[in-house]
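Handing you this structure, nothing more for now.
In the text below, chain A, chain B and the rest are named by the order of the sequence lines, each starting its count at 1.
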Amino acid sequence: MRKLATVVAAALLMAGCSSSGATTAPTQGTAASQAATTKAPATAAGSPVTITFLTHWPPQQVDLLNTYIKKFQASNPNITVQVRAVPFGSLLTTLRTQAGSASGPTIAGIYDLWLPELVQDGIAAKAPAAQVQDIQQNWPANLVSGAVSVNGAIYGYPNEIDLYMLNYNKKLFADAGISAPPSTWQELVTDAKALTKRDSSGKITQQGFGLINSWDSGVVHPWLSFVLSDGGKLLDGTKPLLTSPAAEAVTSLYNQLVSTDKVTDPSMGTSNANTTGPFLDNFTNGKTAMIVMANWWESALQTAMKSNFANVGTAPIPVGPNGDKAHSVSYAWLTVVNAHATADQQAAAWKFLQWLHDTGSGDTAGASGMGDLLMSMGILPSRTSDVQAFQSKLGEPFLKAYVDGLADAVPFPIVLGGAELTVAIQKSIESVEFGQATPQAAMQSAQSQAQQILSQYYK
Amino acid sequence: MSRGRVQAVWSTVFLTPGVGLITLFVFIPIVLTAWISLHQWSMYSPLGSMSYVGLANYADVIGDPVFQQALLNTFVYAVASILLIVPLSVFFGIFLYRPAIRGRSLLRTLLFSTYMVPTVAVAIVWGYLYSPIYGPIDQLLSIVHLPSQAWLGSANEAMLSIIILNIWQTLGYYTVLVLAGLTQIPQDYYDASAIDGAGTLGQTRYVTIPLLHRTLVFVIVIAAINTLQVFDPIYVLTQGGPVNATNVLTYDIYQTAFQFGRAGAASAMAILLLIVLLVAVTTFLRVTRED
């Protein structure tokens with residue numbers, strides 16, 4: 001225990017001390033950003049500066065990033081860019097514990113839901129004027145305002161967009177005599193029944209529809225996509241709507257799939273810290289016929305399934321009885337600069353980011369380096385010119401449905417306390433999946449927790 | 001200078017480095033954690049931005065059902081692990097201490113080797129072993145016509161799965177502790193008991209176990225401290241799920257502090273854990289104290 005208390009306290013102390021070194025962190029970040037803008041040319045031609053890029057990308061993408069870094073450094077010999085890669089589960093923790101000083105990561109790829117808190121805590125620096133202009137000119141306006149801005153100020157370069165679709169195994173569908181993926185909840189239930197197989201003891205050996213558990217976004221994003229496709233939404237401003245008819249209807253649908261129709265086995269949907277594990281393995285091994293997942297797992301599917309990847313189909317989220325059309329949750333990632341980095345580091349970081357996101361830095365004609373990096377993982381790039389440069393790839397069967405779904409996608413609400421809110425909803429949904437609560441009780445509990453969480457930040 | 005004064009000066013000189021380090025790395029962090037627990041603080045802003053909230057964090061934490069579940073899970077994990085580890089380590093210790101056992105050095109090494117493997121690596125491997133349907137353990141069960149188990153994917157079995165993993169990994173360590181204790185028992189007692197007609201079971205019951213008392217107390221206290229701090233397998237394998245079934249205090253503290261940015265509440269949890277642990281260990285040591 002003493003060790004635990006020591007570790008926790010030491011971490012808190014380090015965070016506190018490093019932060020306390022900059023007693024006016026938010027304004028300091030802004031001032032440093034402004035300084036960065038003016039000092040950029042001096043850094044490029046002057047003293048050497050080392051910056052670090054914190055990411056959760058896998059080794060292949062880190063290697064690719066390093067090739068672009070070499071390319072950048074060839075024309076910017078005074079700037080050294082080092083990559084620090086950590087597992088996704090450690091990304092925010094690493095950023096929060098190390099970003100309080102100039103020796104922490106200079107650049108970090110972050111999930112947009114984290115941005116408000118990083119801005120509030122003075123970790124994310126405002127983009128300098130030149131980069132603001134670049135971002136405003138070359139990215140869709142709704143993405144700029146929704147994913148990389150807080151209170152009207154821009155804090156980073158948008159890079160990837162992710163959304164959720166129904167992935168299904170075409171071979172299992174053909175074996176079951178089903179010609180097309182479900183487009184409504186009723187069809188989803190009917191198809192899931194036909195696709196479910198059991199052993200002699202009645203245990204599911206092939207589930208018709210898979211649900212993910214033990215991973216907050218993996219639970220909440222698919223669930224919310226169903227809610228949106230039934231005419232509901234998560235928040236009205238900062239007021240949670242978890243007891244809305246749509247939220248309760250989706251949770252009841254989950255309950256039906258697991259407990260009534262028994263076409264979903266929650267034990268087959270566990271995720272580990274790397275957001276892989278049984279939920280992925282069961283789909284790639286043909287033990288899960290349908291699952292709702294994001295486009296970024298394309299590379300994981302390709303790696304695991306090899307030639308069988310051709311069996312993977314993608315379709316819009318099945319629409320609920322009160323929905324007008326399929327809507328997916330979408331979220332974005334962005335690259336931000338540490339407000340606690342030195343002015344020279346910030347200037348170098350913005351310069352590198354602008355280069356990496358710019359047309360021509362990539363290997364594909366007309367694409368940015370970031371665009372190439374993202375497409376190597378099956379992730380949709382967001383820069384307008386990248387979308388055009390990768391049109392043929394984006395038209396391939398797996399990604400096309402995702403690209404088509406972008407128009408009707410709804411961004412996950414970016415609010416303070418968003419991470420805690422997501423976990424609270426996750427636990428409530430899981431309590432239904434594992435038979436510990438009724439859909440109504442679970443949603444009431446989620447609503448109560450969500451209100452309590454948001455009330456800490458919004459009076 | 002008097003002899004006593006000289007002794008005091010030298011005592012101070014020799015004790016200062018150790019006491020200083022303990023103060024710096026143990027005492028001050030604990031005091032700081034207690035101080036932070038009385039404040040609302042996001043942890044990533046300056047210490048000066050903390051706002052005093054009194055005992056509000058403690059009230060929130062104690063009334064939080066997730067914390068209550070994590071507390072319960074932590075004690076279930078600790079008690080179940082200790083109840084299994086202690087008799088097993090004594091059994092293996094006595095077995096491997098017997099001179100008649102051939103290859104006992106090799107067996108000791110094999111038993112201890114699991115403890116040498118990093119817990120994260122162990123957790124990753126066990127994650128594959130526990131995979132439902134296609135995992136090796138379920139494959140073995142199917143060979144002997146036993147039903148497939150959900151293991152980590154079940155709210156009822158996930159904690160048991162983590163306990164099994166812990167016992168597999170740490171049993172060798174505790175067995176070595178027991179072996180060390182056995183070497184401290186003089187052979188004379190066994191010779192005397194043999195003259196009195198005691199067999200192997202009798203010697204174990206009336207000589208070995210009573211004289212292992214101090215070792216077993218040490219094993220239980222160390223096992224309690226280690227199990228109450230379980231984190232790695234939970235983080236790697238279950239993230240506290242499903243439905244909080246494996247959410248333990250350390251993981252709850254980590255999530256509250258580093259994912260939710262609520263350092264005050266996390267510090268209150270840490271202090272509560274400290275208090276509970278101090279009370280539990282002190283009570284245990286009092287109860288098991290030899291006259």
Side-chain angles (χ1 to χ4, degrees), chain A residues 1-6 8-13 15-17 19-25 89 92-93 96-97 99-100 117-118 120-123 199 201 203 205 213-216 265-273 277-278 281-282 285 287 417 419-420 423 426-427 430-431 433-436, chain B residues 25-26 28-33 36 41-49 66 124 127 131-134 147-148 150-155 157 225 228-229 235-245 250 253-263 266-267 270-271 273-274 276-278 281:
Chain A
M1 173 63 221
R2 200 170 57 182
K3 191 171 91 181
L4 169 72
T6 305
V8 170
L12 300 180
L13 179 61
C17 289
S19 296
S20 64
T23 51
T24 54
L92 181 60
T93 306
R96 282 179 150 170
T97 51
E117 283 160 65
L118 296 178
Q120 179 184 259
D121 294 337
I123 290 175
D199 62 16
S201 68
K203 184 171 177 57
T205 55
N213 67 73
S214 301
W215 164 30
D216 52 2
D265 181 354
S267 72
M268 297 171 74
T270 306
S271 166
N272 60 28
D281 298 337
N282 281 306
N285 292 337
K287 303 292 184 190
E420 192 172 2
V423 170
Q426 172 207 352
K427 301 295 183 190
E430 286 183 358
S431 70
E433 290 179 29
F434 287 90
Q436 296 184 355
Chain B
F25 291 109
V26 178
I28 290 177
I30 290 174
V31 171
L32 183 64
T33 301
I36 292 170
W41 182 44
S42 80
M43 188 173 142
Y44 316 112
S45 52
L47 281 169
S49 68
V66 175
I124 290 170
S131 300
I133 300 178
Y134 58 86
S148 170
W151 302 114
L152 298 168
S154 162
E157 296 173 18
I225 291 170
L228 287 172
Q229 293 185 69
Y235 175 81
V236 172
L237 291 176
T238 65
Q239 307 279 295
V243 213
N244 285 322
T250 49
I253 291 169
Y254 157 79
Q255 196 169 42
T256 304
F258 297 105
Q259 290 188 348
F260 305 157
R262 294 171 52 212
S267 298
I271 294 297
L273 177 58
L274 176 67
V276 168
L277 190 53
L278 283 176
V281 171

Does the side-chain hydrogen bond (donor to acceptor under 3.5 Å, both in side chains) test come out yes or no for B/Tyr235 and B/Thr250, once each step is laid out? CA-CA 10 Å; B/Tyr235 175 81; B/Thr250 49; over 6 Å; no
How many angstroms lie between CD1 in B/Ile28 and OG1 in B/Thr33, if you round to the nearest 0.5 Å?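 Result: 11.5 Å between the selected atoms.
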Out of B/Asn244, B/Val66, B/Thr256, which one racks up the most heavy-atom pairs below 4.5 Å with chain A?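 The option with the most such pairs is B/Asn244.
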Part of B/Ser154 within contact of chain A (heavy atom distance under 4.5 Å):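 Backbone only.
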Which region of B/Pro242, side chain (C-beta onward) or backbone (N, CA, C, O), has a non-hydrogen atom less than 4.5 Å from a non-hydrogen atom of chain A, or is it both or neither?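 Answer is both: backbone and side chain atoms of B/Pro242 are under 4.5 Å from chain A.
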Identify the two heavy atoms, one from B/Gly153 and one from A/Phe434, that lie closest to each other, and give their separation to 0.1 Å.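 Closest approach of B/Gly153 to A/Phe434: O-CE2, 3.1 Å.
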Which atom names give the shortest non-hydrogen contact between B/Phe260 and A/Glu420, and what distance separates them?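 Of all heavy-atom pairs spanning B/Phe260 and A/Glu420, the closest is CE2-CA, 3.4 Å.
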Contact winner vs chain B - A/Gly269, A/Ser201, A/Ser267, heavy-atom pairs under 4.5 Å: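 Answer, by heavy-atom pair count under 4.5 Å with chain B: A/Ser267.
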Given that the side chain runs from C-beta out, which part of A/Lys427 has a heavy atom under 4.5 Å from chain B: side chain, backbone, both or neither?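 A/Lys427 touches chain B through backbone and side-chain heavy atoms alike.
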What part of A/Ser214 is in contact with chain B, defined as an atom under 4.5 angstrom from a non-hydrogen atom: side chain, backbone, both or neither?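 Both backbone and side chain.
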Please classify the contact between A/Glu117 and chain B as side chain, backbone, both or neither, with a heavy-atom cut-off of under 4.5 Å.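 Interface part for A/Glu117: side chain.
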Of all of B/Gly241, B/Ser131, B/Pro147, B/Ser148, which one pairs up most often with chain A through heavy atoms under 4.5 Å apart?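 Top option by heavy-atom pairs under 4.5 Å: B/Ser148.
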Measuring from B/Trp41:CH2 to B/Ile36:CD1, what's the distance to the nearest 0.5 Å?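 The CH2 atom of B/Trp41 sits 5.0 Å away from the CD1 atom of B/Ile36.
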Do you know which of A/Asp265, A/Asn282, A/Asp281, A/Asp199 has the most heavy-atom pairs with chain B at a distance under 4.5 angstrom?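 Most heavy-atom pairs within the cutoff with chain B belong to A/Asp281.
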If you look at every heavy atom in B/Ile271 and B/Ile30, which pair is closest and at what distance?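 Reported closest heavy-atom pair: CD1-O, 4.1 Å.
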Shorter than 4.5 Å, heavy atoms on both sides: which option in A/Leu118, A/Asn285, A/Val423, A/Asn213 has the most such pairs with chain B?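 Going by pairs under 4.5 Å, I would pick A/Val423.
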For A/Ser431, is it the side chain, the backbone, both or neither that has a heavy atom under 4.5 Å from a heavy atom of chain B?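 When you check distances to chain B, atoms from both the backbone and side chain of A/Ser431 fall under 4.5 Å.
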Between CD of B/Gln259 and OH of B/Tyr254, what distance do you get to the nearest 0.5 Å?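 OH of B/Tyr254 is found 4.5 Å from CD of B/Gln259.
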Please flag which part of A/Asp216 lies under 4.5 Å from any non-hydrogen atom of chain B: side chain, backbone, both or neither.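 Neither the backbone nor the side chain of A/Asp216 comes within 4.5 Å of chain B.
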Examine whether an atom of B/Glu157 lies under 4.5 Å from a heavy atom of chain A, and if so say whether it belongs to the side chain, the backbone or both; otherwise answer neither.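 Neither; nothing under 4.5 Å.
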